[in-house]
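Here is the structure we will look at.
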Amino acid sequence: MCGRYTLHSKPGVLSKHFGTVASPEFKPRYNIAPSSLCPVVRLKNDAKEIIICHWGLIPHWAKDDAKIKPINAKAETLSDRPYFRQAYKNRRCLVPANGFYEWQGKRGSKTPFYIHPVRSEFFAFAGLWESWQGPDNTIESFTIITTSANKTMSAIHPRMPVIISSQDYDSWLEKGADGLLKPCGEDKIAAYPVSARANNPANDSAELIQMA
DNA sequence: CCAGACGTTGTT
DNA sequence: GTCTGG
DNA sequence: CCAGACGTTGTT
DNA sequence: GTCTGG
């Protein structure tokens with residue numbers, strides 16, 4: 001699955017890669033955990049924009065501050081789940097990342113691996129977004145879509161995020177083609193073990209992605 | 001009908 | 001908003 | 001995702 | 001064991 005990732009490219013590089021007018025400022029992150037504020041790419045009036053959203057989806061119909069805030073949504077059941085169906089139909093996004101973490105082992109002795117793109121600076125995870133209107137505030141949030149592992153990933157973990165290729169960015173945002181919701185090619189990603197310092201989300205520095 | 005839930009993951 | 005359980 | 005907390009009472 | 005916080 002996908003429960004921790006990195007994004008350390010400069011905002012200008014991000015907006016250039018994703019074809020947006022500009023990007024909000026954000027600090028380089030090497031250990032983004034759920035509930036963090038993160039940049040995502042979405043459509044606004046046929047143009048792409050980058051906005052900062054909470055990781056953990058809060059549906060627009062939630063009454064109070066929702067108890068369940070899914071950080072992932074299964075690609076296989078997106079159309080079935082009332083929780084995701086509307087967002088899948090109307091509110092898709094791309095989640096920029098430079099890489100993500102996945103763990104092996106039991107609680108107390110987890111070994112993290114870092115997975116990164118082979119020929120690109122960025123991953124673009126397929127995501128969904130929502131805007132929740134409270135009495136005093138609005139919360140924009142997102143979730144990352146997961147699928148089964150490709151051959152590279154399956155050595156580590158049975159699932160992985162859906163990764164959209166750059167030539168499919170517009171197609172995903174505009175139409176959300178089902179055909180894009182599958183594991184990426186095994187040669188698009190590579191993985192290596194890193195220090196267990198990555199386990200604690202309080203640690204957030206470039207050394208976390210050094211090979212262990 | 002109304003009330004209450006709505007998720008994914010890993011682990012045994 | 002939409003489905004499930006009672 | 002992992003790490004860390006998980007409670008009530010009375011008193012200042 | 002299960003929930004919350006980061």
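Convention: sequence-line order gives letters A, B, ...; per-chain numbering from 1.
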Protein-nucleotide distance (A:Lys110, atom NZ; D:dC2, atom P), rounded to Å: 4 Å
Rounded interatomic separation in angstrom, taking CD1 from A:Ile71 and P from B:dT9: 9 Å
Using only atom types and a distance under 3.5 Å, with no angle test, would you say the side chain of A:Asn72 pairs donor to acceptor with the backbone of A:Thr146? no
State whether A:Glu121 and A:Lys10 are salt-bridged, where the test is any N-O pair (Lys NZ or Arg NE/NH1/NH2 against Asp/Glu carboxylate O) under 4.0 Å. no
Rounding to an integer number of angstrom, what distance separates E:dT2 and B:dT8 when you compare their C1' atoms? 16 Å
Quick one: on DNA chain B, does A:Lys63 or A:Met1 contact a more 5' nucleotide (nearest heavy atom)? A:Lys63
Closest to the A:Pro82 side chain: B:dG7, B:dT11, B:dT8? B:dG7
Heavy atoms under 4.0 Å, any strand shown: does A:Tyr5 hit a base, just sugar-phosphate, or nothing? nothing
Could you tell me whether A:Ala62 contacts a base, only the sugar-phosphate backbone, or nothing, with contacts defined as non-hydrogen atoms closer than 4.0 Å? nothing
Identify the heavy atoms of A:Asn200 and A:Arg4 that sit nearest to each other, and give their distance. C-NH1, 4.1 Å
In this structure, how many angstroms lie between the C1' atom of D:dC2 and the CG atom of A:Leu208, rounded? 13 Å
Pick the C1' atom in B:dA5 and in E:dG5, then give their distance to the nearest Å. 24 Å
Base-contact (B) and sugar-phosphate-only (S) positions in nucleotides 1-6 of chain E, heavy-atom cut-off under 4.0 Å, - elsewhere: -B---B
Looking at every strand, decide which applies to A:Ser109 at a 4.0 Å heavy-atom threshold: base, sugar-phosphate, or nothing. nothing
Could you check how far CD of A:Glu130 sits from P of B:dC6, rounded to whole Å? 17 Å
With side-chain contact (heavy atoms from CB on, under 4.5 Å) as the criterion, how do A:Leu208 and A:Thr6 come out once you've worked through the C-alpha distance, each side chain's angles and the decisive distance to 0.1 Å? CA-CA 10 Å; A:Leu208 294 184; A:Thr6 68; over 6 Å; no
Donor-acceptor contact below 3.5 Å, side chain A:Asn98 vs main chain A:His8: yes
Once you round it to whole Å, what is the distance between C1' of D:dC1 and CD1 of A:Ile115? 12 Å
Assign A:Trp61 to base, sugar-phosphate, or nothing according to its heavy-atom contacts below 4.0 angstrom with the strands shown. base
Name all stems that contain residues of DNA chain B, defined as runs of 3 or more consecutive Watson-Crick or G-U wobble pairs, both distances under 3.5 Å. B:1-6 with C:1-6
Sugar-phosphate only, base, or nothing, as touched by A:Lys69 at under 4.0 Å among non-hydrogen atoms: nothing
Is any side-chain N or O of A:Thr146 closer than 4.0 Å to OP1 or OP2 of B:dT9? yes
Between A:Thr143 and A:Gly56, is there a donor-acceptor pair closer than 3.5 Å when you use the side chain of the first and the backbone of the second? no
Side-chain donor/acceptor of A:Glu130 to backbone N/O of A:His60, under 3.5 Å: yes
Ignoring hydrogens, what is the shortest heavy-atom contact between A:Ala22 and A:Ser15? Give both atom names and the distance. C-CB, 3.7 Å
Spacing of A:Tyr101 atom OH relative to D:dA3 atom C1', expressed in whole Å: 16 Å
Whole-Å C1' distance, B:dG7 and C:dC3: 15 Å
So, the side chain of A:Glu102 versus the backbone of A:Met1: is there a donor-acceptor pair under 3.5 Å, distance only? yes
Work out how far the P atom of D:dC1 is from that of B:dT11, and round it to whole angstrom. 9 Å
Rounded to the nearest angstrom, tell me the gap between atom CD1 in A:Ile68 and atom P in B:dT9. 14 Å
With distance as the sole test, does A:Arg85 use its side chain to make a donor-acceptor pair with the main-chain N or O of A:Asp80 at under 3.5 Å? yes
Between A:Asn203 (CG) and D:dC2 (P), how many Å, whole number? 15 Å
When all nucleic acid strands are considered with a 4.0 Å heavy-atom cut-off, which category describes A:Gly56: base, sugar-phosphate, or nothing? nothing
Just to confirm, is there a sub-4.0 Å distance from OP1 or OP2 of B:dT8 to any side-chain nitrogen or oxygen of A:Lys74? no
Might you confirm whether atom CG of A:Asp46 has over 12 heavy atoms from other residues, nucleotides or ligands at distances under 6.0 Å? no
